[in-house]
Novice: 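Sharing a structure with you now.
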Number of protein chains: 2
Amino acid sequence: MTAQVLSETTASRMNPTGAFGAIGVRMQFAAGEEIYAQEEEADLIYQVIEGSVRTSRLLSDGRRQIGDFYYPEELFGMEAGDEHRFSAEALSDCTILVAKRSAVRHCGDERERLEKVIWAATTHELARTQEHLFMLGRKSACEKVASFLMLAAERVRGDLTTLVMSRQDMADYLGLTIETVSRMLSQLQSGGIVEFVGCRSFRVIQPSGLARLVTA
Amino acid sequence: MTAQVLSETTASRMNPTGAFGAIGVRMQFAAGEEIYAQEEEADLIYQVIEGSVRTSRLLSDGRRQIGDFYYPEELFGMEAGDEHRFSAEALSDCTILVAKRSAVRHCGDERERLEKVIWAATTHELARTQEHLFMLGRKSACEKVASFLMLAAERVRGDLTTLVMSRQDMADYLGLTIETVSRMLSQLQSGGIVEFVGCRSFRVIQPSGLARLVTA
DNA sequence: CGTTTCTTTGAATCCGGTCAAGGTCCGTGG
DNA sequence: CCACGGACCTTGACCGGATTCAAAGAAACG
């Protein structure tokens, strides 16, 4: 890990309201850099301050599954019961707040609040993972891609949504190949459901049409 | 829910060491009966005492995804951030210990222990879900079925493993059809990897062959 | 402006799904 | 005790959606 650790005082000066306040340390990661490794045991918990992060799991033969994408303010790294099943990498250059879980215990009046925050993030993570699971198990390629776009669009205010990840990342999140993702995107576009502006930004033209494909 | 609620004193007499001790209530469910519904909000947490349970999610068009299977001593129902994304049904006749989460808070000296138990179960659940997610996204039909058998066999001591679920349940857990599951089982059997004794019990003949297919 | 990387599109292939038939296991009742 | 019926499981033939392989096009970068 070649990431740069900022001093705790600097961190506090820059963002005194990060989820972990005094016990967190800021770190910088360059795009593509690993934040933690698969099978690494860790007592750490992370919060995105700036940039975005993906968690992924790699098989020896190169197959990859992406767990999730994380954006500013979101916590990640909760799943380490004993060790991480997924690794985490910076999608873009980013700033991450890192805190030691065991430090929460010696945190006095903050303790209660911090435990609540971590608990909420963990159950939220579980819910998201279950949603993702369902999508992988029972949705067609077209429904998967439509769901993905819909989720991305919901994160944004304003009608233009920009994707922070590559087609390969989308494919590995959805359990598809890049070619299939690309084809489905073209199909959704020629069907008048969405419109792309360059390959990383799009606009939903027919929300109802998109919603129908998502099949909740 | 037509399940029968046993009195708390009866419950305590029958199993004084259930995870939730005093605050738990025993309930009986018949095979196939629903324990809680999809989208039901609940502050409850459950422990299998006897029998087995599956969680599942149904789409309006009939597609179903099974979340997981639960066996005696295991906790389930943790994912209700706000509401359940999956329903839970009894696979066989079973006895379930049900406790109110909010009751844990007023539990005196037991509180610490109970919170720890629930926390452990939740992170364990998250880890299992991630494992399952990976399987659905990136494994072939054969690898999925092999993984399923391996997991089932690991739960058991002695060489004969009995499956508590139908082929349909397996298929809906693995994101496949019953026909494909059946074909893969036949294939594993004719390849000398496993041997079935009736359609619900099997024995692993070649552990290394099975492990190779699981592709960790 | 050239090079590299990422994305799209097309054609051929293959894995898993669909449809259909037959088999097995069990419980019920004659 | 055996015959019948229904639920579950297996197998086969065919089909189709997603992958693979290949090439062209677009975008990012120095």
Side-chain angles (χ1 to χ4, degrees), chain A residues 30-32 54 59 61-66 91-93 135-149 162-191 194-202 213 215, chain B residues 30-32 54 59 61-66 91-93 135-149 162-191 194-202 213 215:
Chain A
R54 67 162 181 254
L59 222 58
D61 62 5
R63 282 179 281 182
R64 189 178 69 150
Q65 176 65 48
I66 287 188
L91 255 179
S92 54
D93 291 347
M135 179 155 92
L136 290 180
R138 287 304 182 201
K139 290 194 181 177
S140 68
C142 184
E143 291 169 338
K144 285 176 178 178
V145 172
S147 304
F148 190 90
L149 294 184
T162 297
L163 299 169
V164 295
M165 71 293 286
S166 68
R167 293 288 185 270
Q168 187 64 63
D169 286 332
M170 288 178 62
D172 289 344
Y173 178 82
L174 297 171
L176 300 171
T177 60
I178 28 172
E179 293 95 329
T180 301
V181 170
S182 187
R183 269 185 258 275
M184 293 304 133
L185 290 173
S186 302
Q187 188 177 310
L188 288 171
Q189 180 158 225
S190 67
V194 299
E195 177 191 35
F196 269 81
V197 183
C199 69
R200 294 283 183 114
S201 290
F202 71 97
L213 286 171
T215 327
Chain B
R54 68 164 179 251
L59 222 56
D61 62 5
R63 282 179 281 182
R64 188 178 70 149
Q65 176 65 50
I66 287 188
L91 256 179
S92 56
D93 293 346
M135 178 156 90
L136 290 180
R138 288 302 183 202
K139 289 193 180 177
S140 69
C142 185
E143 291 169 338
K144 285 176 178 178
V145 172
S147 305
F148 189 91
L149 294 184
T162 298
L163 299 169
V164 294
M165 72 293 287
S166 68
R167 293 288 186 269
Q168 187 64 63
D169 287 331
M170 288 178 62
D172 290 343
Y173 179 82
L174 298 172
L176 300 170
T177 60
I178 29 173
E179 292 95 330
T180 301
V181 169
S182 189
R183 269 185 259 274
M184 294 303 134
L185 289 173
S186 301
Q187 189 178 308
L188 288 172
Q189 180 158 225
S190 66
V194 300
E195 177 191 35
F196 270 81
V197 183
C199 69
R200 295 280 183 117
S201 289
F202 71 97
L213 285 170
T215 327

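To find a chain, count down the sequence lines: A is the first, B the second, and so on, and within it residues start at 1. Computed from a predicted model, the values in this text were never measured in an experiment.
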Novice: Would you indicate which nucleotide in C:dG17, C:dT9, D:dA18 comes nearest to any side-chain atom of A:M184?
Specialist: D:dA18

Novice: The side chain of A:T177 lies closest to which of these nucleotides: D:dT11, D:dC9, D:dT19?
Specialist: D:dT19

Novice: Expressed in angstrom and rounded to an integer, what is the separation of A:Q187 atom CD from D:dA18 atom C1'?
Specialist: 12 Å

Novice: A:E179 has a side chain; which of D:dA18, D:dA22, C:dT18 sits nearest to it?
Specialist: D:dA22

Novice: Would you say a side-chain N or O of B:R200 is under 4.0 Å from OP1 or OP2 of C:dC25?
Specialist: no

Novice: Under 3.5 Å, side chain of B:T180 to main-chain N/O of B:L176, donor-acceptor pair present?
Specialist: no

Novice: Between atom CZ in A:R63 and atom C1' in C:dC15, what is the gap in whole Å?
Specialist: 14 Å

Novice: Which residue is it: A:K144, A:M135, A:M165? I am looking for the one with a side chain to side chain contact (heavy atoms under 4.5 Å, CB included) to A:Y173.
Specialist: A:M135

Novice: How many whole angstroms separate atom CD of A:Q189 from atom C1' of C:dT9?
Specialist: 14 Å

Novice: May I have the distance from B:F196 (atom CZ) to C:dG23 (atom C1'), rounded to whole angstrom?
Specialist: 17 Å

Novice: CG of A:D172 versus C1' of D:dT19: gap in Å, rounded?
Specialist: 14 Å

Novice: Any donor-acceptor pair under 3.5 Å between the side chain of B:R167 and the base of C:dT24?
Specialist: no

Novice: Thinking salt bridges, do B:R64 and B:D169 make one under a 4.0 Å N-O criterion?
Specialist: yes

Novice: Round to a whole Å and report the spacing from CZ of B:F202 to C1' of D:dC9.
Specialist: 17 Å

Novice: For A:L136 versus A:L174, what's the shortest heavy-atom pair and its separation?
Specialist: CD2-O, 3.2 Å

Novice: With a 3.5 Å cut-off and heavy atoms only, can you find an N or O donor on one side and an acceptor on the other between the side chain of A:Q168 and the base of C:dC6?
Specialist: no

Novice: Is B:R138 salt-bridged to A:D61, cutoff N-O under 4.0 Å?
Specialist: no

Novice: Taking only side-chain N and O atoms of B:T180, does any of them lie within less than 4.0 angstrom of OP1 or OP2 on C:dG17?
Specialist: yes

Novice: Using only heavy-atom distances, decide whether a donor-acceptor pair under 3.5 angstrom links the side-chain of B:R183 to the base of D:dG12.
Specialist: yes

Novice: Looking at A:S182, does any N or O in its side chain come under 4.0 Å of the phosphate oxygens OP1/OP2 on C:dT7?
Specialist: no

Novice: Looking at every strand, decide which applies to B:I178 at a 4.0 Å heavy-atom threshold: base, sugar-phosphate, or nothing.
Specialist: nothing

Novice: Expressed as a whole number of angstroms, how long is the span from A:L176:CG to C:dG16:C1'?
Specialist: 15 Å

Novice: To the nearest Å, how far apart are A:L136 CG and C:dG16 C1'?
Specialist: 17 Å

Novice: Let me spell it out: for each of B:G198 and A:S166, pick the nucleotide of DNA chain C with the closest heavy atom. Which residue's pick is nearer the 5' end?
Specialist: A:S166

